[in-house]
Amino acid sequence: MIRLAPRLIAAIAPLALLAPAAAHAAEVTVSDVAGDAKAINMGLALGAFLGSGAPDGPIFLDAPAETSADVASTTIDHARKRLTLTMHFRDLVEVEGHSVEFRILTPEGRYDLSAAFIGGRTESAFSPARSSVTVSSDGSVTMGPESRPCRTVRARYDAAADTLVASVPTACLGEPKWVQVSAGVTRTKVTPQADGSANVAGYVDDAFRGGVSMRSLGRSPKVRRG
């Protein structure tokens, strides 16, 4: 199965919202609009992803019946030793093909934390964001935050509780004073056909914004370290 939608979100949704000035308490829960998940027009999305020109129609379509990709709320627990992100869905009835891409922003840099349920199990990954590259006036290049060993990244889907819980040690983030989070949710479903082909359906949601934007992802408030 091709994981089109997470790559699509990464390609078309650079972080562009202004950050709030004040940092909130060490644990913050942010609610999302119910029923705002979108279906992906797969043909147009593939064309946009491959750079074949402006899409002839909307890429995202209303999908109020899609509950598995529809975020209800996200809790950010920025404890001293570990950052834990708990995402609640409206009704997580379909887990296979589900994935969440978190972008974690800190005073030092940006990090990616992802979780996906593929082939009956959860896979997770963590890394400094590739986009954190700085070119100085003298031409020198800095490749973002220094990569740190991070062997205890965790992620777990719980369909009965309608949740995904993902966490990373704060040491892997440089033990920052605050974090700010963006998150894109994707669910893809592949249905084999009798002729050997397959129908692919995709759904997306932005955890911190009503609906989905092609220009940016929403952001949580800044959450200070406990």
Side-chain angles (χ1 to χ4, degrees), residues 1-13 32-74 85-103 112-127 130 153-166 182-214 217:
M1 179 176 68
I2 299 174
R3 291 182 61 203
L4 168 66
R7 296 177 183 178
L8 175 65
I9 290 176
I12 67 176
D32 189 36
V33 178
D36 67 334
K38 300 293 184 180
I40 303 172
N41 186 325
M42 300 302 284
L44 293 181
L46 183 59
F49 181 66
L50 296 176
S52 60
D56 185 19
I59 290 180
F60 301 120
L61 307 173
D62 290 343
E66 169 59 27
T67 64
S68 295
D70 190 16
V71 180
S73 66
T74 304
L85 306 172
T86 303
M87 187 171 284
H88 290 260
F89 300 94
R90 185 152 59 105
D91 190 2
L92 190 56
V93 294
E94 297 281 353
V95 183
E96 184 64 35
H98 202 288
S99 64
V100 179
E101 305 284 339
F102 294 103
R103 173 63 58 87
D112 293 325
L113 173 62
S114 66
F117 197 88
I118 305 294
R121 70 192 195 102
T122 302
E123 300 177 359
S124 59
F126 171 81
S127 66
R130 296 178 196 170
V153 175
R154 300 169 186 162
R156 180 176 180 269
Y157 281 93
D158 186 338
D162 300 320
T163 61
L164 164 71
V165 180
S182 294
V185 178
T186 303
R187 185 174 77 84
T188 55
K189 183 175 183 179
V190 179
T191 305
Q193 302 298 299
D195 61 1
S197 63
N199 288 335
V200 181
Y203 304 91
V204 294
D205 193 15
D206 186 326
F208 298 103
R209 168 184 288 158
V212 179
S213 170
M214 293 181 62
L217 285 171

Could you state the interatomic distance from [atom1] ([X]) to [atom2] ([Y]), rounded to the nearest 0.5 Å?
X: M87; Y: L164; atom1: CE; atom2: CG; result: 7.0 Å
X: S99; Y: R187; atom1: OG; atom2: CZ; result: 11.0 Å
X: D205; Y: T186; atom1: CG; atom2: OG1; result: 9.5 Å
X: R90; Y: D70; atom1: CZ; atom2: CG; result: 4.5 Å

Search all heavy atoms of [X] against all heavy atoms of [Y] and return the closest pair with its distance.
X: V93; Y: T67; result: CG2-OG1, 4.0 Å
X: T191; Y: Q193; result: O-NE2, 3.0 Å
X: A69; Y: H98; result: CA-NE2, 4.0 Å
X: A207; Y: T74; result: CB-OG1, 3.8 Å
X: L217; Y: S182; result: CB-CB, 4.2 Å

Would a distance-only check, ignoring hydrogens and angles, find a side-chain to backbone donor-acceptor pair under 3.5 Å from [X] to [Y]?
X: D32; Y: F208; answer: no
X: D206; Y: G211; answer: no
X: D158; Y: T163; answer: no
X: S68; Y: E94; answer: yes

Q. Aromatic rings F89 and Y157: how do their planes relate, parallel, tilted or perpendicular, breaks at 30° and 60°?
A. parallel
Q. Salt bridge check: are K189 and E96 linked by an N-O gap of less than 4.0 Å?
A. no
Q. Taking NZ, NE, NH1 and NH2 as the nitrogens, is one of them in K38 or D62 under 4.0 Å from a carboxylate oxygen of the other?
A. yes
Q.
Could you walk me through whether V190 and N199 satisfy the side-chain contact (heavy atoms from CB on, under 4.5 Å) test, starting with their C-alpha distance in whole Å, then the side-chain angles of each, then the deciding distance to 0.1 Å, before giving a yes or no?
A. CA-CA 6 Å; V190 179; N199 288 335; over 6 Å; no
Q: Would you please test L85 and V165 for side-chain contact (heavy atoms from CB on, under 4.5 Å) and show each step?
A: CA-CA 6 Å; L85 306 172; V165 180; over 6 Å; no
Q: Kindly determine whether D112 and E101 satisfy side-chain contact (heavy atoms from CB on, under 4.5 Å), including the steps that lead there.
A: CA-CA 7 Å; D112 293 325; E101 305 284 339; 5.8 Å; no
